[in-house]
Amino acid sequence: MQLNQQNAGLPAEEFAALREKIHHFIYDELIPLEQEQGLTHETCFSRELLESIWRRSYELGIYGCNLPKEYGGLGLSISQLCILKTDATYSNAALYGCVLGENGGPMRIGYILGQATEGQLEEYFLPTARGERAGCFALTEPQAGSDATRIQTSAVKDGDDYVLNGHKRFITASRTADYAIVMAVTDPEAGTDGVTAFLVDAASEGYEIAGDYLPMSGQHIDNDIYLKDVRVPARNILGGLGNGFKLGMGRININRLLQCPTMLGHARFAFERAVDYANRREQFGGPIARFQAIQHMLADMKTSLFACQSIIESAAAKADRGEDIRNEASMCKVFVGENAFQIADKSIQIHGSVGMTQGDPVEWVFRRLRMFRY
């Protein structure tokens, strides 16, 4: 999905029908499946299970809907995509990320299709759009974080191949990915122009997934990738030699914005749970919702939700006009991250001991939203 051209998206009626279809998929199929199998956000999902959800979503015409029409998608606008992400997250389904393909699926490749060669499209990206393959984006390193100017992973040319060595850390979806888009230094003297993106098959000799750790959300989503003398054909260079930094920065800008509707969905869920609980929980002869202290918290939460939604809509509209959103995406991530977490915190306060008990949905949302603030 390119940000340098206007994107009108789907007509209103078609978009409303797509939202309804996603709603039925989540609430009529996905959540009942999770309840039947005892799946939670902290389950270590198998690749087999994930792929079955990806393919079902694709069969319904949902998976890959964010992609341009020429690649089999529906050509959604950024604004529409933000709405769908909010809807999916608000459901609090453990597998909500599989619906649109956020972890390793078409949500990760929409911005990059225009940089791929025909061979790369056929081998990697189109199968990903169909739910047949999955990828991950490997930029972060132990000493560099997500700063592409400090990357230490190297790629040295050897005949028709490049030999990659390095360590990528906290790579989302790497455990179940078939390939990684790896940022590596091809010219140490060229600064940011010496960073190149490579498509690296996970089955390659010397490619290893490691890292026995969990984030505070308890989700099995991040692992490390070790590259030891991994040979990658030159045809797997993505976007051209030395263009990895530009490609990575383009991804970061749009991803910052697209994290915000996820936070908004979590916060809206926490707010609705708080309203419901306040109306059911009785103290001193009536529901606690009648207390002014509770009403003030709920009013603040709803105000924050409105503000978060408004800033997301504004930034997304600018992106859809083809304008640069570097500043807006950063401001949006900070503002929504802080306010969504405060909404979850107030929800915990309203729930009392119930909200602080592991296994309660609000307690998990609180932990999840704290992660978005780093």
Is [X] reaching over with its side chain to a backbone N or O of [Y], donor-acceptor style, under 3.5 angstrom?
X	Y	result
Gln80	Ser77	yes
Thr89	Thr86	no
Trp364	Ser217	yes
Asn103	Ala173	no
Arg290	Gly286	yes
Asn243	Gly239	yes
Thr357	Asp360	no
Thr186	Gly194	yes

Inset, instruction - Could you go through the salt bridge (Lys or Arg N to Asp or Glu O under 4.0 Å) check for Arg367 and Glu42 one step at a time? - result: CA-CA 12 Å; Arg367 285 187 280 135; Glu42 300 184 43; 2.9 Å; yes
Any chance the side chains of [X] and [Y] put a donor and an acceptor closer than 3.5 Å?
X	Y	value
Ser46	Glu48	no
Glu338	Gln342	no
Thr153	Glu141	yes

Inset, instruction - Can you label the angle between the Tyr96 ring and the His266 ring as parallel, tilted or perpendicular, going by 30° and 60°? - result: perpendicular
Inset, instruction - May I ask you to decide if the ring planes of Phe125 and Tyr179 are parallel, tilted or perpendicular, using 30° and 60° as cut-offs? - result: perpendicular
Inset, instruction - Mark yes when over 12 heavy atoms from residues, nucleotides or ligands other than Asp28 sit less than 6.0 Å from its CG; otherwise mark no. - result: yes
Inset, instruction - Check whether more than 12 heavy atoms from other residues, nucleotides or ligands sit under 6.0 Å from atom NZ of Lys302, and answer yes or no. - result: no
Legend entry - Minimal non-hydrogen separation, Cys308 against Asn339, with atom names: SG-CB, 3.6 Å
Inset, instruction - Give the minimum heavy-atom separation between Leu121 and Pro127, together with the two atoms involved. - result: O-CD, 3.6 Å
Inset, instruction - Assert yes or no for the condition that the ring centre distance of Tyr162 to Phe198 is strictly below 6.0 Å. - result: yes
Legend entry - Trace of the salt bridge (Lys or Arg N to Asp or Glu O under 4.0 Å) decision for Glu51 with Arg55: CA-CA 6 Å; Glu51 190 168 326; Arg55 293 194 179 221; 3.0 Å; yes
Legend entry - Check against salt bridge (Lys or Arg N to Asp or Glu O under 4.0 Å), Arg235 and Asp161: CA-CA 8 Å; Arg235 67 176 181 275; Asp161 297 335; over 6 Å; no
Legend entry - Cation-pi, Tyr58 ring and Arg130 (6.0 angstrom, 45 degrees): no
Inset, instruction - State which residues pass side chain to side chain contact (heavy atoms under 4.5 Å, CB included) with Asn165; sequence neighbours excluded, sorted by chain then number. - result: Ser154, Val163, Lys228, Asp229
Inset, instruction - Please identify each residue that fulfils side chain to side chain contact (heavy atoms under 4.5 Å, CB included) with Arg169, with sequence neighbours left out. - result: Pro142, His167, Tyr213, Asp224
Inset, instruction - Could you tell me whether Arg268 and Asp87 have a side-chain N and a carboxylate O separated by less than 4.0 Å? - result: no
Inset, instruction - In plain terms, say whether Asp324 and Lys318 are close enough for a salt bridge, that is, a side-chain N and a carboxylate O under 4.0 Å apart. - result: no
Inset, instruction - Check the pair His41, Asn92 against side-chain hydrogen bond (donor to acceptor under 3.5 Å, both in side chains), reporting the backbone distance first and the verdict last. - result: CA-CA 9 Å; His41 293 284; Asn92 204 42; 3.3 Å; yes
Legend entry - Contacts of Asp187 that satisfy side chain to side chain donor-acceptor pair (under 3.5 Å) - sequence neighbours left out: none
Inset, instruction - Begin with the C-alpha distance, continue with both residues' side-chain angles, and end with the deciding distance and a verdict on salt bridge (Lys or Arg N to Asp or Glu O under 4.0 Å) for Arg133 and Asp201. - result: CA-CA 11 Å; Arg133 302 196 78 187; Asp201 284 291; 3.4 Å; yes
